[in-house]
Amino acid sequence: MPYSKKVIDAFKNPHNYGKLKDYDGLGKVGNPVCGDVLYLYIKINKNEKGKEIIEDISFETFGCVAALASSSIITDLAKGKTISEALKLSREDVTQELGGLPEIKIHCSVLAIDALHKAVDDYRSKKDGE
Amino acid sequence: MKIYLDNASTTQIDPLVLKEMFRFFDKDYANASSPHAMGETAREAIEEARKIIAESINAKNEEIVFTTGGTESNNFAIKGVAFINKDKGNHIITTKIEHKSVLNTCKWLEKQGFEITYLDVDEKGFVNKKDLEKAITDKTILVSIIHGQNEIGVIQDLKVLGDICKQHNVYFHIDACQSYTKTEIDSKNADLISLNAHKIHGPKGVGALFIKKGTEIDILMHGGGHERGMRSGTDNVPGIVGFGKAVEIAGVGEMKELNSRLAEGLKKINKVKINSHGLPHIVSATFLGIEGEAIVSSLDLEDIYVATGSACASHNLEPNQTLLAIGLAHQEVNSTVRFSLSRFNTKEEIDKVLEILPKIVEKLREISPFK
């Protein structure tokens, strides 16, 4: 397989998969090029300083090894962060955490970042509607 | 235990083939074009192999030209006929389920001023004879169709399609790389037939093109006039000898039974669709809701080696065109895995795959948004 050990580990033992109960935001993204689909669920709470944090996060992904590994890693990276911190995560953070991705699979890490942003957007639009 | 189920990609060399080849590397290594006695030994060995291959498809010895494999044979047949017959017409007919070596040769010929018709196939992969007949015009010089298809196993009716070409006086080329020795091929039904060795437990780097006597075809490889001037380049004596031996001992063994056992076992897994039929060594299965590369990689981690038509696994992120042509939706194509057997596979191996695979499918479905 053309993947780093970290990618294979994340693929073999993904963290935080499955639909989250009582989620506050859902980011659904699909890649029109390869057909991968990623659903990212987030649950938001406030920390002791009153800042909104991603208390829990999970994913459901239809995709290749790189897509599944990127999905798992984005949940690890975002969990416990404040929303503003989480939104600063970049695709480079994902690929770095994965020990690199093959060039043709870089879009998988982009998909994970997009899903996170969409999930936050979803949470904010719901909150605004309240 | 390694379980290799990717035999439509390539096969292990049969030990008997390898044994036969050795002496042409280290003992009888002379150039088959040399007039001396050592050259004569090599020459005789090549002619013996040629005879075996010719007989296997009911052809004459001189109708077999050795090449470097299926890709060269397909290039040779299509470009060779196109170049020399361009005054008669510039139209070539092929299908949407060809191997890349046919499709990309045709695409290149389009740039050289040729017109190509890519025939549709039905949901089982068959070319409709009426479609073929309708597509033939007075400009048509060649019809090129894959005999046994490498992804879905469909075997075209050579007699029916060949007769149409004969009636219209159009050359008929078939790519038989995947079907050779696995189903009967009679050279009566075609003008050009591509064959190769490494799909049938022979060595890589050797193949052949059957060119029916009288076929007008241009030469692609110019040089010292090997292969009666049809294909120059020092003869790959060990390869050709190995090819001959592979054909001589070819057989399907228990392949067909094991193939059915695998297909039946896969059908028992929830939401699995079988796309293949025909060839005795190919099972194409669509695992709805999960992605092919993820399945292949999970099997890889269990030392089971298979292939996928998924876009994610291809060099250019393009989904498999054959699977699209038989009507699979994009996501289904991306969920499709190809298992391909050889006579060396065993019942135990198939059962092991059928034991491991449902667990992989279950886990990937748990992760997928499409249950």
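In the text below, chain A, chain B and the rest are named by the order of the sequence lines, each starting its count at 1.
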Between the main-chain N or O of A:C34 and the side-chain N or O of B:N334, is there a donor-acceptor pair closer than 3.5 Å? yes
Closest non-hydrogen atoms of B:S368 and A:E60, given as atom of the first, atom of the second and distance, are O-OE2, 3.8 Å
Engaged part of B:I367 at the chain A interface, taking heavy atoms whose separation is under 4.5 Å: both
Among the options B:R365, B:Q331, B:E293, B:H330, pick out the one with the most heavy-atom pairs lying under 4.5 Å from chain A. B:E293
Minimum heavy-atom distance between A:N13 and B:K363, given as atom pair plus value: N-NZ, 4.4 Å
Does CD in B:E355 sit with more than 12 non-hydrogen atoms of other residues, nucleotides or ligands closer than 6.0 Å? yes
Under 4.5 Å from any heavy atom of chain B, what part of A:L38 do you find: side chain, backbone, both or neither? neither
Shortest non-hydrogen contact from A:I104 toward B:S314: CD1-O, 3.9 Å
With rounding to the nearest 0.5 angstrom, report the SG to NE2 distance, B:C312 to A:H107. 6.0 Å
Are there more than 12 heavy atoms of other residues, nucleotides or ligands under 6.0 Å from atom CD of A:Q96? no
Heavy-atom proximity to chain A below 4.5 Å, by part of B:T308: neither
Above 12 or not: heavy atoms from other molecules or residues under 6.0 Å from NZ of A:K126? yes
Part of A:Y3 lying under 4.5 Å from any heavy atom of chain B: side chain
Measuring only between side-chain heavy atoms, which start at C-beta, is B:E366 closer than 4.5 Å to A:P14? no
Counting only heavy atoms not in B:K352, do more than 12 sit closer than 6.0 Å to its NZ atom? no
Toward chain B, the part of A:L68 with a non-hydrogen atom under 4.5 Å: side chain
Measuring heavy-atom distances to chain B, does A:K105 have an atom under 4.5 Å in its side chain, in its backbone, in both, or in neither? side chain
B:K371 atom NZ, neighbour heavy-atom count above 12 within 6.0 Å: yes
Return the option, out of A:F59, A:Y39, A:F11, with the maximum number of heavy-atom pairs under 4.5 Å with chain B. A:F11
Note: A:K12 and B:L301 closest approach over all heavy atoms is CG-CD1, 3.4 Å
